[in-house]
Amino acid sequence: MTHTASQVATTSEASGGKSVTLQFGDNLLLPLLLGDHDRHLVRIEQAMGVRLSCRGNRVAITGDTARVDAAQGILQDLWRKLERGESVGRGEVESAIRMAEPETDPRLPLSDMPAIRTRRGAVGPRSPGQVGYMEALTSSEMVFGVGPAGTGKTYLAVAQAVAMLQAGKVDRIVLSRPAVEAGERLGFLPGDLKEKVDPYLRPLYDALHDMMPADQVIRRMTNGEIEVAPLAFMRGRTLAHCFAILDEAQNTTAMQMKMFLTRMGEGTRMVITGDLTQVDLPSGVTSGLRDALDTVEGVQGIRVVRFDNRDVVRHPLVARIVDAYDQRALAVGDKRREAGRGQEQRHGTGQ
């Protein structure tokens, strides 16, 4: 038996305000909705700019009409998750808040958003950008996912790859990264080739282990159904009937990117992910990701999904950190433009 939240009172207030009271019928689930010391309510209150108060099994929402409606939708969507036996923690609350932002497509409530289904469970979107990304992963043969760290670009791509492998829609998964990061080079690392490249590929291993049991990952890697390799290993190959992911693509050169994209064979899906604000290539070398976007965006069959700070699904502080760096970059750019105009004016006056 389900205990759906019901609206029991609605009163309009002056200046476009509104008050709604929701009643919840399961007193065992209600504490999970509210959070320890009502922290979930407090977070929703802060994010949505409304006033929330709980008495017994009723939660009252008061504030601007549009914000009250959004907060009501958040609480009802989270309640439906609890009814389905899913957990509701800080991450789920933050996701619901992001989904309630004005930019979100209003056609889909949170509970109806697309999900990638693996044998470890369903992986659903946690931001508006992830909704479009997951739709692209389902419908397009080649997808570029571009945006800041923490937006789920790689994680969701691996989830889709695992789901398609387990459903028999592809024969294998190929995961690759360029072995260039933060100015370090492979030669400086100890050990044989595998030991040298494994640290660069670790995030891909981590995502795989989130999607399937460890023994299955090992077995599938042993029999070749899953391959994790540096980008250099892709040269000269044709990737057929597989799901290929190129991660950290901003650190490829233009030639490397072209090489990877042209490996695509029959029955293959490709996903290319990267963050153009974190290029670790030597100065003066054009990022292969930027070059590819300039070249192939708009080509039929290729989808480009761009994430922004609102799609960061890690700790909320990560989104603010990303935003702070973006703001500083804009300020530096403004100063350079002002300096350039100053120089032009001085030259124009003969100074």
Between Ser19 and Thr62, is there a donor-acceptor pair closer than 3.5 Å when you use the side chain of the first and the backbone of the second?
no

In terms of heavy-atom contacts, Ala292 and Leu261 come closest through CB-CD1, 4.4 Å

Can you confirm whether Leu33 sits close enough to His40 that some side-chain heavy atom of one is under 4.5 Å from a side-chain heavy atom of the other?
no

May I ask you to decide if Lys153's main-chain N or O and Tyr133's side chain share a donor-acceptor pair within less than 3.5 Å?
yes

Quick one, Leu246 and Thr252 - any side-chain contact, counting heavy atoms below 4.5 Å?
yes

When rounded to the nearest 0.5 angstrom, what is the spacing between CZ in Phe260 and OG in Ser176?
6.0 Å

Step-by-step side-chain contact (heavy atoms from CB on, under 4.5 Å) determination, Ile97 to Met48
CA-CA 8 Å; Ile97 289 169; Met48 304 312 298; 4.2 Å; yes

Apply salt bridge (Lys or Arg N to Asp or Glu O under 4.0 Å) to the pair Glu141 and Arg269, showing each step before the final yes or no.
CA-CA 5 Å; Glu141 292 180 315; Arg269 296 286 188 96; 5.7 Å; no

Salt-bridge present (Glu225, Arg172; N to O < 4.0 Å):
no

Backbone N or O of Gln256 within a donor-acceptor pair of the Thr253 side chain at under 3.5 Å?
yes

How long is the gap from CD1 on Ile173 to CE on Met211, to the nearest 0.5 Å?
10.0 Å

Which heavy atom in Gly56 sits nearest to a heavy atom in Leu30, and how many Å separate them?
O-CD2, 3.5 Å

Taking atom CG of Leu34 and atom CG of Leu78, what is their separation to the nearest 0.5 Å?
11.0 Å

Ala71 and Ile44: which non-hydrogen atoms are nearest, and at how many Å?
CB-CG2, 4.3 Å

Are the side chains of Met264 and Leu239 in touch, meaning some heavy atoms are under 4.5 Å apart?
no

Taking side chain as C-beta onward, heavy atoms only, is Leu289 less than 4.5 Å from Phe144?
yes

Nearest heavy-atom contact between Leu156 and Leu137 is O-CD1, 3.7 Å

Indicate yes or no for a side-chain donor-acceptor contact from Thr295 to the backbone of Asp291 under 3.5 Å, with no hydrogens or angles considered.
yes

Chi angles and distances behind the side-chain contact (heavy atoms from CB on, under 4.5 Å) call for Asp26, Asn57
CA-CA 8 Å; Asp26 189 334; Asn57 65 343; over 6 Å; no

Between Leu52 and Asp38, is there a side-chain heavy-atom distance shorter than 4.5 Å?
no

Test log, rule side-chain contact (heavy atoms from CB on, under 4.5 Å), inputs Cys54 and Leu41:
CA-CA 9 Å; Cys54 181; Leu41 286 191; 4.1 Å; yes

Run the numbers on Arg303 and Glu135 for salt bridge (Lys or Arg N to Asp or Glu O under 4.0 Å), then give the verdict.
CA-CA 10 Å; Arg303 289 276 298 276; Glu135 290 174 344; 5.2 Å; no

With a 4.5 Å cut-off on side-chain heavy-atom distances among I, L, V, M, F, W and Y, is there a chain of contacts connecting Met255 to Met234?
no

Do the side chains of Leu293 and Val146 get nearer than 4.5 Å, heavy atoms only?
yes

Heavy-atom donor-acceptor pair, Asp311 side chain to Gly129 backbone, under 3.5 Å:
yes

Begin from the C-alpha positions of Val162 and Phe243 and carry the test side-chain contact (heavy atoms from CB on, under 4.5 Å) through to its verdict.
CA-CA 9 Å; Val162 169; Phe243 198 111; over 6 Å; no

Main-chain N/O of Arg237 paired to Arg263 side chain as donor or acceptor, under 3.5 Å:
yes

With a 3.5 Å distance limit and no angle check, can you tell me whether Glu297 reaches the backbone of Asp294 through a side-chain donor-acceptor pair?
no

For Asp171, is there any backbone N or O sitting under 3.5 Å from a side-chain donor or acceptor partner on His241?
no

Can you measure from CZ (Arg80) to CD (Gln76) and round to the nearest 0.5 angstrom?
6.0 Å

Got a second to check how far Asp275's CG is from Gln250's CD, nearest 0.5 Å?
6.0 Å

Are Phe233 and Val174 connected, step by step, through hydrophobic side chains (Ile, Leu, Val, Met, Phe, Trp, Tyr) whose heavy atoms are closer than 4.5 Å?
yes

Find out whether Ile226 and Met212 are in side-chain contact, i.e. whether some heavy atom of one side chain is under 4.5 Å from a heavy atom of the other.
yes

Closest contact, heavy atoms only, Asp247 versus Arg177
OD2-NE, 2.8 Å

Heavy-atom distance under 4.5 Å between the side chains of Leu32 and Val88, does that happen here?
no

Thr151 side chain vs Gly147 backbone, donor-acceptor pair below 3.5 Å:
no

Please answer whether the main-chain N or O of Pro178 pairs with a side-chain N or O of Asn251 as donor and acceptor at a distance below 3.5 Å.
no

Decide whether Val299 and Met142 are clustered together by the hydrophobic rule: side chain heavy atoms of Ile, Leu, Val, Met, Phe, Trp, Tyr closer than 4.5 Å, transitively.
yes

Closest non-hydrogen atoms of Thr262 and Lys258, given as atom of the first, atom of the second and distance, are OG1-O, 2.8 Å

Nearest 0.5 Å please: distance from the CE atom of Met221 over to the CD atom of Glu227.
8.5 Å

Below 30° counts as parallel, above 60° as perpendicular, anything between as tilted: where do the rings of Trp79 and Phe24 land?
tilted

